Student: 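Encoded as structure tokens, here's the structure I'll be asking about.
Predicted model only: the values in this text are computed from it and were never measured. By convention in this document, chain letters (A, B, ...) are assigned in the order of the sequence lines, proteins followed by strands, and residues within each chain are numbered from 1. FYI, side chains are in, hydrogens and waters are out, and symmetry mates aren't considered; it's all heavy atoms of this structure.
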Protein chains: 2
Amino acid sequence: MSTGAPSESLFAPTCDHPAAEDPAVEALVRAIIGQVADKWTLLILEELAERGTMRFTEIGRAVGDISQKMLTKTLRDMERMGLVSRTVHPVVPPHVDYALTDLGTSLGAAFCGVWLWAAENRERIEAARATFEAREKR
Amino acid sequence: MSTGAPSESLFAPTCDHPAAEDPAVEALVRAIIGQVADKWTLLILEELAERGTMRFTEIGRAVGDISQKMLTKTLRDMERMGLVSRTVHPVVPPHVDYALTDLGTSLGAAFCGVWLWAAENRERIEAARATFEAREKR
DNA sequence: CGGTATCCTCCTCGATACTG
DNA sequence: CAGTATCGAGGAGGATACCG
């Protein structure tokens with residue numbers, strides 16, 4: 001922000017290799033991150049974290065430009081991992097509520113550092129990109 | 001610097017919506033995360049964070065099962081974003097060194113929270129998956 | 001309303017071959 | 001050693017139509 005030193009003490013200072021000790025664990029962790037770091041997952045996570053319980057189409061509208069297929073798929077995957085809970089109210093017309101579990105909420109908190117990093121360093125990245133493009137042409 | 005960042009210092013523990021205030025910023029941040037949360041990017045980031053300066057084939061060997069194409073592409077993308085620096089030593093045979101920039105190092109630190117989350121909650125996720133599969137069958 | 005099923009289109013990614 | 005160029009398979013993801 002005002003001074004340098006962006007976000008050093010948000011979490012553990014260095015975090016050299018959290019799960020790198022066990023290659024099997026690392027592979028699993030990597031797989032988890034791969035699924036969790038999905039565009040739609042992140043967006044849905046955000047919306048649910050902000051608004052609490054939401055209905056299917058409500059999430060679709062909030063996220064904006066997501067197809068029904070991707071919305072269903074992403075919600076299922078999140079449910080499968082235990083990030084969201086799905087509650088069906090047996091009425092007509094159907095009514096299905098989605099909400100973050102504790103696990104989902106904690107994931108949102110974990111991603112906070114990355115969000116802040118991206119927000120803080122957005123201009124730096126754009127500048128780097130411009131520099132790279134310029135150097136590329138020469 | 002930042003266009004109208006009113007120093008929102010009320011980013012308390014939970015980090016509800018870091019950049020959600022400005023949709024344009026959020027879109028850019030999302031794009032950044034999308035690129036940064038790539039499987040190979042994460043792995044290369046890890047290796048470079050642990051070992052420091054490395055050469056092209058050295059990174060390839062360390063990461064393990066990455067094709068030359070993906071290694072080149074990912075390193076270029078990371079360089080483009082200013083995450084790594086690329087130094088060519090004009091000798092025969094060619095010698096190219098890669099190292100994390102300050103930005104790259106800070107990204108590694110930011111991702112620390114997610115790594116820890118994934119490592120800590122690995123078993124919980126696997127349990128949730130098992131539960132989901134079981135419920136699916138009924 | 002909240003899905004599932006089908007088709008179709010990019011676009012990523014790997015394998016292979018070649019080069020300075 | 002450190003790439004670039006080309007091809008081809010496969011999966012991600014959108015559009016559309018239909019169902020409980």
Student: Are any side-chain N or O atoms of B:Thr72 and backbone N or O atoms of B:Gln68, one a donor and one an acceptor, separated by less than 3.5 Å?
Tutor: yes
Student: Would you say C:dG2 has OP1 or OP2 under 4.0 Å from some side-chain N or O of A:Arg61?
Tutor: no
Student: With clusters defined by side-chain heavy atoms of hydrophobic residues (ILVMFWY) lying less than 4.5 Å apart, directly or transitively, does B:Val91 cluster with B:Met54?
Tutor: no
Student: I'd like to know if the side chain of A:Thr101 reaches the main chain of A:Gly104, judged simply by a donor and an acceptor atom lying under 3.5 Å from each other, with no hydrogens or angles considered.
Tutor: yes
Student: With a 4.5 Å cut-off on side-chain heavy atoms, are B:Phe132 and A:Arg76 touching?
Tutor: yes
Student: Which whole-number value in Å describes the distance from B:Gln68 CD to C:dA17 P?
Tutor: 13 Å
Student: Between A:Leu71 (CG) and D:dA15 (C1'), how many Å, whole number?
Tutor: 16 Å
Student: When the distance from CD1 of A:Ile59 to P of C:dG2 is rounded to whole Å, what number comes out?
Tutor: 9 Å
Student: Would you check if A:Met78 and A:Tyr98 make a side-chain contact, meaning some heavy-atom pair closer than 4.5 Å?
Tutor: no
Student: Which nucleotide in the set D:dT4, D:dC1, C:dC1 lies at the smallest distance from any side-chain heavy atom of B:Arg76?
Tutor: D:dT4
Student: Between C:dG2 and A:Arg55, is there an OP1 or OP2 to side-chain N/O distance shorter than 4.0 Å?
Tutor: yes
Student: Taking atom C1' of D:dC1 as reference, at what distance in whole Å does atom NE2 of B:His95 sit?
Tutor: 10 Å
Student: Find out whether B:Ile125 and A:Leu83 are in side-chain contact, i.e. whether some heavy atom of one side chain is under 4.5 Å from a heavy atom of the other.
Tutor: no
Student: Phosphate oxygens OP1/OP2 of D:dC1: is one of them under 4.0 Å from a side-chain N or O of B:Tyr98?
Tutor: no
Student: Write out a two-atom table: protein N or O, nucleotide N or O from nucleotides 9-14 of chain D, distance below 3.5 Å.
Tutor:
| residue | atom | partner | partner atom | Å |
| --- | --- | --- | --- | --- |
| D:dG13 | N7 | A:Lys69 | NZ | 3.0 |
| D:dG13 | O6 | A:Lys69 | NZ | 3.4 |
| D:dG14 | OP2 | A:Ser67 | OG | 3.2 |
| D:dG14 | O6 | A:Lys69 | NZ | 2.5 |

Student: Whole angstroms only, please: what is the CG-P distance between B:Leu75 and D:dC1?
Tutor: 16 Å
Student: Starting at atom CG of B:Asp97, determine the distance to atom P of D:dG3, rounded to an integer number of angstrom.
Tutor: 11 Å
Student: Side chains of A:Met81 and A:Leu107, heavy atoms from C-beta outward: is any pair under 4.5 Å?
Tutor: no
Student: Find the distance between CD1 (A:Ile33) and CG (B:Leu42) and round it off to the nearest 0.5 Å.
Tutor: 5.5 Å
Student: Under a cut-off of 3.5 Å for both distances of each Watson-Crick or G-U pair, what dot-bracket string does DNA chain D give, using [ ] for crossing pairs and | for inter-strand pairs?
Tutor: ||||||||||||||||||||
Student: Out of C:dT4, C:dG2, D:dA2, which has the shortest distance to the side chain of A:Thr57?
Tutor: C:dG2
Student: By nearest atom, which of the nucleotides D:dA2, C:dG3, D:dG20 is closest to the B:Pro94 side chain?
Tutor: D:dA2
Student: So, the side chain of A:Thr41 versus the backbone of A:Ala37: is there a donor-acceptor pair under 3.5 Å, distance only?
Tutor: no
